[in-house]
Structures are given as C-alpha cells and as structure tokens.
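Notes for the one structure printed next.
Numbers restart at 1 for each chain; the letters A, B, ... are given by sequence-line order, proteins then strands.
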Amino acid sequence: MSQNNNKPVVTRIAPSPTGDPHVGTAYMSLFDYIYAKQQGGKFILRIEDTDQKRYNPESEKRVIDALKWLGLSPDESPEIGGPNAPYRQTERLELYQKYAQQLLDSGHAYRAFETPEELEQIREDLQKRGLGQGYDGRAKALSKEESEQRAASGEAFVIRLATPGEGETIIKDALRGEVRIPNSEVPDAVLMKSDGIPTYHLAVVVDDHVMGVTHAVRGEEWLPTAPVHVLLYKAFGWEEPIWIHMPLLKNADGKKLSKRRDDASLDSYKKQGIVPEALLNYLATMGWSMPDGREFFSLKDMTKFFSFERISLGGSVFDMKRLRHYNAHYLRDVLDLETVAERAKPYLKSAGYDWGDEDYLLDVVDVLLPRIETLAELAEQSDYFFNDDFSYSEDAKRRLEAGQKHLEALERELSRLDFFDYDDVDDAMREYVKSESVKMGEVMMPLRAALTGTTQAPGVTDLAVILGKAKTLERIGRAISYLEAGLPDDKPQKPKKEEDAGANT
RNA sequence: GGCCCCUUCGACUAGCGGUUAGGUCACCACCCUUUCAAGGUGGCGGCACGAGUUCGAAUCUCGUAGGGGUCACCA
C-alpha cells in the first residue's frame, strides 16, 4: 500500500440507519477497527442518513449500541463527537451543496430536469435498445444559461456527474490490483437529489476526503460504482484513499447476505445468546486467517498479526453452526465462569427464572456449560433448576415407573446422610447399586427423571448436590406420590414445552 | 443481458513451482460413561475444466465453465 503512507491511518464505517444492525456492518467495522488500531490511527463512525425514505430513527442508536456491544468503539462518532463533527450526513448538507456547486462550476457535473416519469421512459427506451445505463445524459447538452434560468425559476432538478464516456477508469484496489472499468459503463450518477440531499456517491467522497479517510474499506458490492467515486476524486483534484473492497458474506445459497432473506441481524445473534467475543472471532476468520493458523484469537492478537494481504477473496458463507461452535468455545474455555454466569442473567431473567444466590447460579452454569452452545440455550435447558413445578416427559414417566422401588429406597438412603457433598452422595448411591446388584442406569435414570423431569440431564450426583438435600428428597417424594396417584391421568401442570424440556431443543 | 469480481473437502480455510494437499466446523465410527453432552482417537471428503509455461504445477499465463456482485433522485 504505497499511497497515503505519510498520513495517519483513518478508517470509517458508514452505516445507513435503515433497519436492523447488519452483520455486514460489524464485519467491515472489525477490519476498520483492527487496522486503525494496528496503525495507531483513527476509526470513525459516520451515519449515512441521506436516504430519508428509508430512514429509521431508532436504527442509528441500534447500530451504535451493536458496535458498542461488540467492543468496536470508534474514535469519533455522532455520539462521542470529534474534530470532524457533525457525523450525520443530513447535518452536513451545506458542505455537499458547496462541493456540488464547485463541480457545476468546473463542468464536472450538470443539472438534469427530468421528472421521475420521464426517467422511467428513458430507462425503458435504453433497455429496448440494449443499452446499459439508466440515463442517456441528455441534460448535459443544456446550455449554461438555460440550466441556470430553469433552476432559478424553481424547476426541480438533480445534479449529475458528467462522466467522460470514453476511455476507462482504473480502481487501484489493494486486494486485487487494478480494476479497469470502461467509462461507457459508468453512469452519469445523480450526485445531488432534487430535495437538496446528496446521494451516497457525493457524500462518501466529500466526507472521506474532508475527514481524512486514508483507507476506504467497504464491501465488494461497491466495486462496480467505484469509478464514480474515483472520477469524483479526480474532478476535485483530491488524493484518493486506498480502496479496499472486501469479500461479501454469503448465505448458504451463496448469495449476498441480506436482511430480508437471512438472519443477518446483530440484535438477533445477541438475542440467541451469542457472545460478542465469539462473533468477532468468527467474523475475523471469514476471509482472513492468522499466520500461524490459530482459529481462536482475541481482538488484541488479531491487531498484532492482521494484514490485508491475508484476505482471501472468495466470499465466505456465514455458517450459524460454526458460529455456535465458536460461541461454545468462548463460553466453555475462554470466558471465566463468573463472566458467563453474569452474562446469562438477562437470558434467565427473561425466561422468568430467579436464582437465589450467586453460588447456586455458578453451579448451575458450570454443570450445564458442556451441554449448551449459547446463553439462550442455557436458559432453555435450566428449567428444573429454577422451577419446582416442572413436568415429566413421557420418557421420564416410563423411567419413573420402572424405578419406583429404587426411588423409595433412595429416599431412605439419602435422607440418612449427614453431609450432602459430592462424595457422600456418590458413595451412598454406588453402595446402594452394589447392594442391590443392579445396573447403574437402572437406579440413576429414575432418579434423574425425578430430579429433572427429563432423561437427558447432567450427572445425577451433580444434580443432587447442586439441588441440595432438601430439594432432592422433596423431588423424589414428589415423584413417588405422582406414581402412587396413578400414572395415566395425572398430568402435571406447566404444559408448555415440557415434553423435551432439558433436552437439546 | 452488459460490465466487474471470484473459484482448494458440504462449510471456513492453510498453501504463494517440488507437500502422502494440512487444520477447523459439520457428518460417521470407536473410546470414556448413570442419560445427554463435553472430552479423546480415527474416518469420510477437495485443488471446476482445458490448453500452455516449466525438468516439475493447487500455486504462473490464456481460454472455457460455474458462482457472485452491479446496472435507482437506495445505500
């Protein structure tokens, strides 16, 4: 990367506040952030709100919050301000007006007065004749006088880029070298809309220049329109940033991840119990790899070893299964138990659970951790730890039936224990199994069913110890009275999702 | 369709002229085991195709095919 190397690195993410915070935004932000940090530069968050039709007032905050959640904190943003304020494009309109006028004066742009209907007609004609662009540039022929006069008379107009029409424009992309696009393919793009608000094309170029952005990192989807931006830099006589068009995140069909079709919302991942560290790590491996091949690494390590040279251009399929694998790893092996428990709280709370003391919560999380991949699953599978009214699954009922006499015996054996630590309980149960000469499972399964209402749960001894002596005996008693009351009709309460509560749903 | 980008196991990737093409997810099997998991071991599976260049191509060049992106007063 040869140009701009004398200036401090400035990167930016410029989301448009139009809906759910998109994972693609996080993906680009990650590389913006990492590179800026590595180079001792700045990472700017700018709000690209020039589309008033799709503007969504809540969206801005959600994007900012999502970035905050991820820990990709910008050095400048509408929220924290900075030397380049304001950071919302609708608050910078005079700036664009000024530069649009400059382009008009220098002949690099022209006014066009066609109505939307006329444009539609032009587009149709062009299409019929097999010509690519949506506009034929006819307004370029207008005389300066006519243009000024019609504008002054209040007629609506847009300002369009006057493209060369011949030759080619070269985009020096840092990842793929020189990309040459024939100027005949470059449209006279609208720079300034009739409402006086700029389009992305003008706004991004002006802001990137004014804010000193040195590296324009963005999705590959922008490559086809990059000539418009290059032409604009040339028209202004400004030095271009280093263009870095990143590969796209794709869905399972290989198509660009879209918020309409796909689950691409950061809020959604959060809600599913994905932890930000895991998301970031996963995202980092999409198109980039650590030099030593490690797949788990922190932001800090990534910052140390990152280079754009190791970006692969294929475009990666966003695989929820793999994300979950990363998440599980972070939950189990990276974050400490206290942290996981702390982060699990909102999920438990919204499931309606109440944990008495912290130690109990810690025990529950600890024993469930190998069985879950997300925090949401933790909440889903922990019902019997927080709810005494759990019901018995069909399979559990069968186990209960088959083991009634063991339950009765165990109730006696366990109630005799003075201490209820792991070894005490374990010894007692093993002794019982031995004395009865039965298989472990024959005893353990009914007990498990009694304690949890399911047949798929942590080790019975763990369960008993965590629940404590009183609760353990209570639940055994409850199971016995349930059996005595007659199995077929005694349907327990709490009908919802009990059939496989505790199973891996 | 035009233009542009891309192409290693099903998925994420390592590889940057000489490797039995390596790792991870998923999947399968086995081990461990009181269930389910976790963990351990092993297995399945790939250089899109065709020409060149070269003593030698996954690696370089060209072509073909396939995939994707984009063609708005949206970003």
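- For A/Phe308 and A/Trp243, the gap between ring centers reaches or exceeds 6.0 Å.
- Under the 30°/60° scheme for interplanar angles, the aromatic rings of A/His325 and A/Phe296 are found to be tilted.
- In this model, no donor atom of one side chain and acceptor atom of the other lie less than 3.5 Å apart for A/Thr18 and A/Asn56.
- A cation-pi arrangement is present between A/Arg150 and A/Phe113, with the terminal nitrogen or guanidinium carbon under 6.0 Å from the aromatic centre and inside a 45° cone about the axis.
- Candidate nucleotides B/G2, B/C4, B/A38 were compared by shortest atom distance to the side chain of A/Glu185, and B/G2 ranks first.
- Side-chain atoms of A/Gln89 and A/Asp207, non-hydrogen and from C-beta on, do get closer than 4.5 Å to each other.
- The side chain of A/Arg448 approaches B/U34 more closely than any other nucleotide in the set B/C6, B/U34, B/A11.
- B/U7 and B/A26 have their P atoms separated by 26 Å, with the value rounded to a whole Å.
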For nucleotides 13-16 of chain B, which of its nitrogen or oxygen atoms have a protein nitrogen or oxygen under 3.5 Å away, and what is each distance?
unit_1, atom_1, unit_2, atom_2, d
B/U13, OP1, A/Gly287, N, 2.4
B/U13, OP1, A/Ser316, OG, 2.3
B/A14, OP1, A/Ser289, OG, 3.2
B/G15, OP1, A/Arg310, NH1, 3.3

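- Between A/Tyr282 and A/Tyr269, the gap from one ring centroid to the other reaches at least 6.0 Å.
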Write out a two-atom table: protein N or O, nucleotide N or O from nucleotides 73-75 of chain B, distance below 3.5 Å.
unit_1, atom_1, unit_2, atom_2, d
B/C73, OP2, A/Arg160, NH2, 3.4
B/C73, O2, A/Ser194, N, 2.8
B/C73, O2, A/Ser194, OG, 2.9
B/C73, N3, A/Ser194, OG, 3.0
B/C73, N4, A/Glu114, O, 3.1
B/C74, OP2, A/Lys193, NZ, 3.2
B/C74, O2', A/Asp51, OD2, 2.5
B/C74, O2', A/Arg54, NH2, 3.2
B/C74, O2, A/Arg54, NH2, 3.3
B/A75, OP1, A/Thr50, OG1, 2.9
B/A75, OP1, A/Lys193, NZ, 2.9
B/A75, OP2, A/Tyr200, N, 3.3
B/A75, O2', A/Ser16, OG, 3.1

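- With sequence neighbours excluded, the residues that form a ring pair (Phe, Tyr, Trp, His ring centres under 6.0 Å) with A/Phe31 are A/Tyr27, A/Phe306.
- A cation-pi geometry, defined here as NZ or CZ lying under 6.0 Å from the six-membered ring centre and within 45° of its normal, holds between A/Arg111 and A/Phe157.
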Listed pairs, N/O of protein and of nucleotides 42-44 of chain B, under 3.5 Å:
none

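- In this structure, A/Arg176 reaches the sugar-phosphate backbone alone: every heavy-atom distance under 4.0 Å involves primed, P, OP1 or OP2 atoms, never a base.
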Identify each donor-acceptor pair in which a side-chain atom of residues 434-442 of chain A lies under 3.5 Å from a protein atom, sequence neighbours left out, and give them as a table.
unit_1, atom_1, unit_2, atom_2, d
A/Ser435, OG, A/Glu431, O, 3.3
A/Ser435, OG, A/Tyr432, O, 2.8

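- Counting heavy-atom neighbours within 6.0 Å of A/Glu166 CD, excluding the residue itself, gives a total of 12 or less.
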Anything under 3.5 Å between a protein N or O and an N or O of nucleotides 61-65 of chain B, put it in a table, one pair a line.
none

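- Judged by the 6.0 Å distance and 45° axis criteria, A/Arg123 is not positioned over the aromatic ring of A/Tyr135.
- Taking for each of A/Glu178 and A/Lys321 the nucleotide of RNA chain B with the nearest heavy atom, the 5'-most of the two is the partner of A/Glu178.
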